[in-house]
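Treat the numbers as computed from the prediction; the structure is a model and nothing was measured. In the text below, chain A, chain B and the rest are named by the order of the sequence lines, each starting its count at 1.
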Amino acid sequence: MDAQVATSTHTVPRMTAGVGAKVVARDCNVFYGEKHAIKMLNVDIPDRSVTSFIGPSGCGKSTFLRCINRMNDTIPICRVTGTINIDNRDIYDPSLDVVQLRARVGMVFQKPNPFPKSIYDNVAYGPRIHGLAQSKAEMDEIVMTSLEKAGLLKEVKDRLLESGTGLSGGQQQRLCIARAIAVSPEVILMDEPCSALDPIATAKIEELIDELRSNYCIIIVTHSMQQAARVSQRTAFFHLGTLVEEGETSQIFTNPQDKRTQDYITGRFG
Amino acid sequence: MNEHIVTSYEEELALLDKKIAHMGGLAEHNLGLSFDALEHRDPRLAETVVKSDKQIDQLQREIETLVISMIARRQPMADDLRRVMAALRIAGDLERVGDLAKNIAKRALAIAHESHPKPLMTGLGHMVELALKQLKSVLDAYSERDAEKAMAVWRDDEQIDAMYNSLFRELLTYMMEDPRNIGLSTHLLFGAKNIERVGDHTTNIAETVHFLVKGMNITDDRPKLDQTSTTLISKD
């Protein structure tokens, strides 16, 4: 009698051609001058969930993240080929307004970078330049809701006019998240958002990410495997510019299929 | 498989394997001795088994402590995670095998002064032999990370079940022949049941080895031939 073996956890079916996916990359290549930084990358990133990118330094995960809101456009020698679609629209289409794109695809960086302005103005900045509020009352509403969603309102409601740079590191990072969500983005990119924070501030950001995922497509680059395991539903492992393996987070961390993934997450690389 | 960048991590994983091997060796040894004590009506040997079971229990505690500390300090991932979980599970099964051997040894003490009918002892002897062979194979499968070997053990457990069935019937008949046989027969029946349970723990270990190597559980139902829970011998 032959033993039957469960195959369900073994092969996680790749989502087909963007069905249910928010961000879809096909044959994506990135070059910095001569350097081929991302090689033929194909990935489907689902909406309303958290996807984490992991991999050793220089593997291309941040580079790819920065392609998704065309931050790489600011680097003159950077060249992107292939397609990246958001909601089936090519974001590298020349007719597309990059400023609008960056409102739809928000970004949070490793080091909290609030503007040297008041807490209120930090959050109001985006809605103001995009003309999202018709009145002072409407702007107040946006600022308050964004601070609330970022879990910061309780801590700052009595000092909205004080400078954002006077907050603690963790509060500054949540202010940056509030600033990102103030313009109602659809996708939020986070580039190691907790690596400059202490464990408590990190836990607050992780809790926030978990709350935000019901409304946004969140992509997070992290060097902490435990963080990827904790916050994300899907995980993608990058190595030397290629996407080695992508799948359900629990599968990647218990039963990765590629030896390189296995070596990296168990601490055997090098 | 490459080694971990952190050497002490590698050493701890190796230590887990070593402790399991040690525990497995002891459990095997005690099971063999417990039957020898029964067969040769040797109370001293039986006492040795009862005493040395403490060592198996101690090893299980050490493995548990090590696993908990590794989970807390190293957050094992992927195959490492499966290794520590497998060690924890196998240690639990081996500890039970040790207990079952101890129980057989205690029964050997209880019936040391009764006469042992030869055919029944031969039947029990075959069961122990097979159970030991299975246990040894599964421990080899563990140390060699051989899922196929583990699966062979998993499938062969039905032989032990079949032997247990026939021994069960023989013992019932023997009891019916003469009520004075009931005391001895009951002890032998429990002894046989213990060996059958050893077989079940061995198949648990086989399943764990499969999970360790392949990263997935066996979903199939194991062939089971132990029908004693529904067996009755009619009067005529």
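Side-chain atoms of Asp79(B) and Arg268(A), non-hydrogen and from C-beta on, do get closer than 4.5 Å to each other.
Scanning for ring-ring contact (aromatic ring centres under 6.0 Å, His included) contacts around Phe53(A) gives Phe64(A), Phe238(A), with sequence neighbours left out.
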- Task: Decide yes or no on side chain to side chain contact (heavy atoms under 4.5 Å, CB included) for His4(B) and Thr266(A), but give the supporting numbers first.
- Result: CA-CA 7 Å; His4(B) 286 88; Thr266(A) 56; 4.1 Å; yes

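Within 6.0 Å of the NZ atom in Lys149(B), the count of heavy atoms belonging to other residues, nucleotides or ligands exceeds 12. For Phe190(B), the CZ atom sits in a loose shell: 12 or fewer heavy atoms of surrounding residues, nucleotides or ligands are nearer than 6.0 Å.
For a heavy-atom cut-off of 4.5 Å, chain B lies close to Met225(A), Gln226(A) in residues 212-228 of chain A.
Annotation: salt bridge (charged side-chain N to carboxylate O under 4.0 Å, His left out) contacts involving residues 215-231 of chain A, sequence neighbours excluded, comprise Glu206(A)-Arg230(A).
Scanning both residues, Gly215(B) and Asn255(A), for their nearest heavy atoms gives O-ND2, 3.3 Å.
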Side-chain donor-acceptor pairs of residues 22-30 of chain B under 3.5 Å, sequence neighbours excluded:
from, atom 1, to, atom 2, distance (Å)
Asn30(B), OD1, Ser52(B), OG, 3.0
Asn30(B), ND2, Ser52(B), OG, 2.9

